[in-house]
There are 2 protein chains.
Amino acid sequence: MTPGRSVKAPREVAPPPSAAADDQLKTTRDRILDVSLDLFLEKGYDKTSLREIAEQLGFSKAALYYHFASKEDIFKALHNRLHALSLNNLSHLGDQTLTLRSWATLLDGFIDMIPANRKLLAMRERNRAAFDSLHDTLHKKDREDLDERLRSSFSDAALPVEQRIRMAFALSGVTGALIFSDESFQGLSDEELVREMKDRVHDALGVGPDPD
Amino acid sequence: MTPGRSVKAPREVAPPPSAAADDQLKTTRDRILDVSLDLFLEKGYDKTSLREIAEQLGFSKAALYYHFASKEDIFKALHNRLHALSLNNLSHLGDQTLTLRSWATLLDGFIDMIPANRKLLAMRERNRAAFDSLHDTLHKKDREDLDERLRSSFSDAALPVEQRIRMAFALSGVTGALIFSDESFQGLSDEELVREMKDRVHDALGVGPDPD
DNA sequence: GTCTATATTTCGATAGAC
DNA sequence: GTCTATCGAAATATAGAC
């Protein structure tokens with residue numbers, strides 16, 4: 001396991017031994033993002049200073065500015081990682097009208113991505129206000145964003161009330177549980193988590209398991 | 001003197017006309033909390049300054065310090081409002097072992113409180129990182145806190161995996177949907193929302209509706 | 001209880017050397 | 001690409017008059 005020093009060691013973030021080698025292969029830019037992700041997840045975006053990020057990386061605060069234009073720029077880069085995930089899913093879903101069945105398919109795809117992106121997704125959950133502020137900043141006309149797509153679905157008065165609640169509940173059940181997943185579901189394998197989550201989603205949506 | 005409408009704030013909080021009279025009856029302390037709640041919900045705790053809070057109230061920033069010792073103190077007071085809600089529910093739930101059925105009862109009680117406390121609950125969802133930081137600050141030994149109670153239940157390895165996921169999912173489905181509730185479920189009556197939410201919870205937990 | 005004015009601190013960001 | 005040193009802004013918080 002990791003050495004006992006979770007203190008502000010100037011150099012090591014205490015990565016698992018196997019990841020130490022990987023870190024050498026990563027660009028400095030990616031290492032900055034990884035450290036930032038950890039800190040934003042743990043302390044929140046606003047309460048994390050550039051000084052802390054630099055400290056954990058072992059170099060000075062000013063050096064960050066060679067790689068990123070601003071603190072918000074780091075945040076945006078993490079937002080882009082999330083955005084890339086959502087694009088994966090949107091492609092599965094054409095412009096067809098949103099049914100409970102297509103919603104289930106969408107969420108199934110989302111759930112599959114959870115194990116590989118748990119920290120990123122949990123960080124988003126814990127910093128919703130900051131993310132929404134960012135969202136306003138980059139007021140994208142092209143709301144290809146998954147979030148936007150989702151919200152507009154919930155708001156669609158043409159859909160029956162029950163269906164809208166089912167969709168919102170299913171989505172929230174998945175994303176919300178992410179917050180607990182690290183600390184509370186320690187013993188669970190990724191496969192267990194994924195399978196159980198999907199079962200819950202299908203319960204909530206009132207559709208049978210996906211006949212893939 | 002009470003500075004009735006000397007509000008030169010650029011934008012109105014737009015309180016319902018009937019609430020204007022109520023504001024006269026409230027203590028200044030409560031009015032500060034109400035304005036803070038609105039701003040923390042809209043912009044996030046960290047990005048809301050005391051200057052903005054004071055501005056909306058029509059008096060100066062320094063005046064806030066007569067009523068609260070610090071910004072965090074305002075936050076704590078809102079935390080206490082939430083805490084009071086959770087105590088309501090914990091009393092329903094003794095020290096009995098947690099079953100899916102008792103969990104359903106707990107969440108039903110929680111859902112009933114949603115309409116009257118929507119903003120408060122949504123604000124919490126949007127500021128999870130800040131709330132958890134606060135939680136660490138007041139490291140309460142007596143974890144009578146609802147949140148803590150819940151997390152420890154999810155972590156209980158004695159419970160079957162499926163049950164733990166069901167519980168976490170049901171809770172998250174409810175709290176997460178709060179974020180959407182204001183903007184997306186505008187047309188819905190409180191009764192509809194409450195009933196639908198309860199149905200979803202019982203689906204997720206795999207228990208029939210509460211035979212109350 | 002509220003004011004004006006100011007202290008204090010922290011942080012994001014920049015300049016310029018190496 | 002990283003450093004030291006520093007700037008400037010903004011925020012929290014305090015002092016003391018009214």
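The sequence lines fix the lettering, A, B, ..., with proteins before strands; numbering per chain opens at 1.
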Legend entry - Gap between atoms CZ and P, on B:Phe59 and C:dT2 respectively (whole Å): 6 Å
Inset, instruction - Would you indicate, yes or no, if C:dT2 has its OP1 or OP2 atom less than 4.0 angstrom from a side-chain nitrogen or oxygen of B:Ser60? - result: no
Inset, instruction - Enumerate the residue pairs fulfilling side chain to side chain donor-acceptor pair (under 3.5 Å) with a member in residues 110-125 of chain B, sequence neighbours excluded, ordered by first and then second residue. - result: B:Asp38-B:Lys119, B:Asp112-B:Lys198, B:Arg118-B:Asp190, B:Arg124-B:Asp147, B:Glu125-B:Arg128
Legend entry - Residue list, side chain to side chain contact (heavy atoms under 4.5 Å, CB included) with B:Asp30, at least two apart or on another chain: B:Lys26, B:Thr27, B:Leu33, B:Arg81
Legend entry - Aromatic ring pairing A:Phe75/A:Phe131, orientation class (parallel under 30°, perpendicular over 60°, tilted between): tilted
Legend entry - Non-neighbouring partners of A:Tyr65 that pass side chain to side chain contact (heavy atoms under 4.5 Å, CB included), sequence neighbours left out: A:Leu50
Legend entry - A:Tyr66 OH - C:dG12 P separation (whole Å): 22 Å
Legend entry - Interatomic distance where CZ belongs to B:Phe68 and C1' belongs to C:dG1 [whole Å]: 14 Å
Legend entry - Spacing between A:Lys43 atom NZ and C:dC11 atom C1', to the nearest angstrom: 13 Å
Inset, instruction - Measure from CD1 on A:Ile53 to C1' on C:dG12 and round the result to the nearest Å. - result: 11 Å
Inset, instruction - Mind calculating the distance between CG (B:Leu64) and P (C:dT4) to the nearest angstrom? - result: 13 Å
Inset, instruction - Output all residues satisfying ring-ring contact (aromatic ring centres under 6.0 Å, His included) with B:Phe180, sequence neighbours left out; order by chain, then residue number. - result: A:Phe154
Inset, instruction - Quickly work out the B:Leu57 CG to C:dT2 P distance and round it to whole Å. - result: 10 Å
Legend entry - All side chain to side chain contact (heavy atoms under 4.5 Å, CB included) counterparts of B:Ser60, not counting sequence neighbours: B:Ala62, B:Ala63
Legend entry - Heavy-atom protein contacts under 4.0 Å, nucleotides 11-18 of chain D, coded B base, S sugar-phosphate only, - none: SBBBB---
